[in-house]
There are 2 protein chains.
Amino acid sequence: MKRNSRLSLALHTLSHMAGDPSRMRTSADIAEHAGTNPVVVRRVLGRLRKAGLLTSEKGHSGGWRLAQAPEDITLADVYLALDERLVTGGDSDEAPACSVEKALHKRVTGVLEDVEQRLIQRLSETSISEVRGN
Amino acid sequence: MKRNSRLSLALHTLSHMAGDPSRMRTSADIAEHAGTNPVVVRRVLGRLRKAGLLTSEKGHSGGWRLAQAPEDITLADVYLALDERLVTGGDSDEAPACSVEKALHKRVTGVLEDVEQRLIQRLSETSISEVRGN
DNA sequence: AAGGCACGCAACACCGTTTGTTACGTGAGC
DNA sequence: GCTCACGTAACAAACGGTGTTGCGTGCCTT
């Protein structure tokens with residue numbers, strides 16, 4: 001994956017965790033499986049922890065674990081936890097001086113928000129426990 | 001605007017052109033109004049020309065003009081002409097080895113394609129002549 | 001109590017993409 | 001023929017994202 005790499009990493013990791021929720025995984029293990037760096041893993045998973053999807057523990061038998069039942073975590077939860085809007089995000093907050101630009105912006109923003117809602121709604125239809133091929 | 005800057009520039013320019021379709025505009029004029037560079041304008045508008053939305057002429061009274069009636073050009077036409085998918089694009093084409101990843105990718109891709117269609121459908125509902133505040 | 005392990009976090013380098021800029025060529029018109 | 005405006009390539013600059021290192025903190029094992 002390339003774009004949405006954070007979302008991909010998060011979904012991939014959580015999907016695996018859904019297969020064996022009690023098992024504790026270190027960021028090193030996850031990083032190796034995902035072909036990336038432990039720090040990157042902690043960065044992404046930290047957001048999920050802040051959203052209450054994961055818990056992390058330090059120390060010898062530390063690592064990461066699901067904070068909720070896999071059936072209760074939907075793809076939308078993960079998407080929202082990362083707080084990066086795929087369709088809406090990236091709009092600057094500068095008010096356009098040009099009236100045409102203003103009308104245009106309003107129209108486009110309306111469409112994007114609608115589409116964003118659609119995306120979230122569709123993502124909320126599947127949980128991370130459903131996604132596994134096992 | 002920031003992200004989707006190409007789309008913003010394209011829509012903004014075409015919306016203005018819709019107000020006076022017969023008038024010829026130079027890339028320098030457009031660039032000044034949009035706060036950017038003439039070359040950037042030509043780059044973006046070139047794609048629209050390739051899609052048959054605009055025509056350009058060289059020489060003294062040269063510049064850019066709509067190639068179709070403003071009522072016939074929808075926001076979706078502009079979006080598609082730029083060929084940059086907002087929601088779908090960016091996915092790498094590498095086949096995932098991990099089975100969980102594969103199942104996940106399939107599921108997410110399905111949702112994204114659905115949302116992309118929704119976006120195009122919504123954008124096709126308004127033409128560039130409707131968007132003006134005049 | 002000490003050492004090791006794993007997370008938490010900040011700082012920095014690196015890379016790819018996007019945007020801006022310069023330069024030069026081409027065609028149309030005065 | 002000269003000017004104007006597009007067409008395109010090449011290059012520089014800015015930005016965002018990722019990878020990496022380093023150090024601190026807490027917890028567990030011995």
Side-chain angles (χ1 to χ4, degrees), chain A residues 1-10 12-13 17 23-67 81-86 88-94, chain B residues 1-10 12-13 17 23-67 82-86 89-94:
Chain A
M1 303 237 171
K2 187 141 182 260
R3 188 180 176 185
N4 313 137
S5 64
R6 284 192 286 260
L7 180 59
S8 294
L9 174 58
H12 187 185
T13 303
M17 287 176 161
R23 179 174 154 209
M24 201 69 129
R25 293 150 210 261
T26 69
S27 54
D29 291 343
I30 298 168
E32 189 184 17
H33 181 265
T36 182
N37 197 283
V39 178
V40 175
V41 171
R42 287 198 282 260
R43 276 209 280 253
V44 173
L45 267 47
R47 297 200 186 193
L48 305 184
R49 178 171 43 82
K50 198 159 64 178
L53 270 44
L54 288 176
T55 45
S56 63
E57 284 172 28
K58 298 181 176 180
H60 247 120
S61 54
W64 299 83
R65 192 161 15 194
L66 293 181
L82 291 180
D83 205 42
E84 33 176 45
R85 295 297 108 90
L86 247 55
T88 295
D91 233 351
S92 86
D93 32 36
E94 55 188 71
Chain B
M1 303 238 172
K2 186 138 183 260
R3 187 178 175 187
N4 312 137
S5 65
R6 283 193 286 260
L7 180 59
S8 294
L9 175 58
H12 186 185
T13 302
M17 286 176 160
R23 180 175 152 207
M24 202 69 130
R25 292 149 212 263
T26 69
S27 55
D29 291 343
I30 298 168
E32 189 184 17
H33 181 266
T36 182
N37 197 284
V39 178
V40 176
V41 171
R42 288 196 284 258
R43 278 208 279 252
V44 174
L45 266 49
R47 297 200 185 191
L48 305 185
R49 178 170 45 81
K50 198 158 65 178
L53 270 44
L54 287 177
T55 46
S56 63
E57 285 173 28
K58 298 181 176 180
H60 248 116
S61 54
W64 300 83
R65 192 160 15 197
L66 293 182
L82 290 181
D83 204 43
E84 32 176 46
R85 296 295 109 90
L86 246 55
D91 232 350
S92 87
D93 32 34
E94 54 188 73

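Both backbone and side-chain heavy atoms feed into the values below; hydrogens, waters and symmetry mates do not. Chain A is the first sequence line, chain B the second, and so forth, proteins listed ahead of strands; every chain is numbered from 1. Not measured: the values here are computed from a predicted model.
A:E57 has its CD atom 17 Å from the C1' atom of C:dG4, to the nearest Å. We find that CZ of B:R65 is positioned 15 Å from P of C:dA28, with the value rounded to whole Å. Between the P atom of C:dC7 and the CZ atom of A:R25 lies a distance of 13 Å, rounded to the nearest Å. Look at CG on B:N37: it is 16 Å from P on D:dT8, rounded to the nearest Å. Residue A:K58 contributes atom NZ, which lies 6 Å from atom P of C:dG8 at whole-angstrom precision. One interatomic measurement links the two molecules: CG of B:D29 to P of D:dC6, which rounds to 8 Å at whole-angstrom precision. What separates CZ of A:R47 from C1' of C:dC9 is a distance of 14 Å, to the nearest Å. Distance CG (B:L54) to C1' (D:dC6): 13 Å, rounded to an integer number of Å.
When distances run from any side-chain atom of A:H60 to the nucleotides D:dA5, D:dT20, C:dG4, the shortest one goes to C:dG4. In the set D:dA9, D:dC6, C:dT18, D:dC6 carries the atom at the smallest distance from any side-chain atom of B:W64. Minimum atom distance to the side chain of B:R42 is reached by D:dC6, of the listed D:dC6, C:dA10, C:dT22. Distances were taken from every side-chain heavy atom of A:R43 (C-beta onward) to each of D:dT3, C:dG20, C:dA11; the shortest belongs to C:dA11. Side-chain atoms of B:T26 lie closest to D:dC6 of the nucleotides D:dT8, D:dC6, C:dT18. Comparing D:dA5, D:dA9, D:dG19 by their nearest atom to the side chain of A:V40 picks out D:dG19.
Annotation for B:E84: atom CD counts as buried by contact number, over 12 foreign heavy atoms lying within 6.0 Å.
At least one side-chain nitrogen or oxygen of B:S56 sits closer than 4.0 Å to the OP1 or OP2 atom of D:dG7. Remark: B:R49 is not in phosphate contact with D:dC6, judged by side-chain N or O atoms under 4.0 Å from OP1 or OP2. For A:T36 and D:dG19, the shortest distance from a side-chain N or O to OP1 or OP2 is below 4.0 Å. A close approach under 4.0 Å does not occur between any side-chain nitrogen or oxygen of A:S27 and OP1 or OP2 of C:dA6.
No side-chain heavy atom of A:R43 sits less than 4.5 Å from a side-chain heavy atom of A:L9. Considering only heavy atoms from C-beta on, A:T13 stays 4.5 Å or farther from A:R25 through its side chain. By the 4.5 Å heavy-atom criterion applied to side chains, A:L66 and A:L53 are not counted as neighbours.
A donor-acceptor contact shorter than 3.5 Å links the side chain of B:R47 to the backbone of B:L82.
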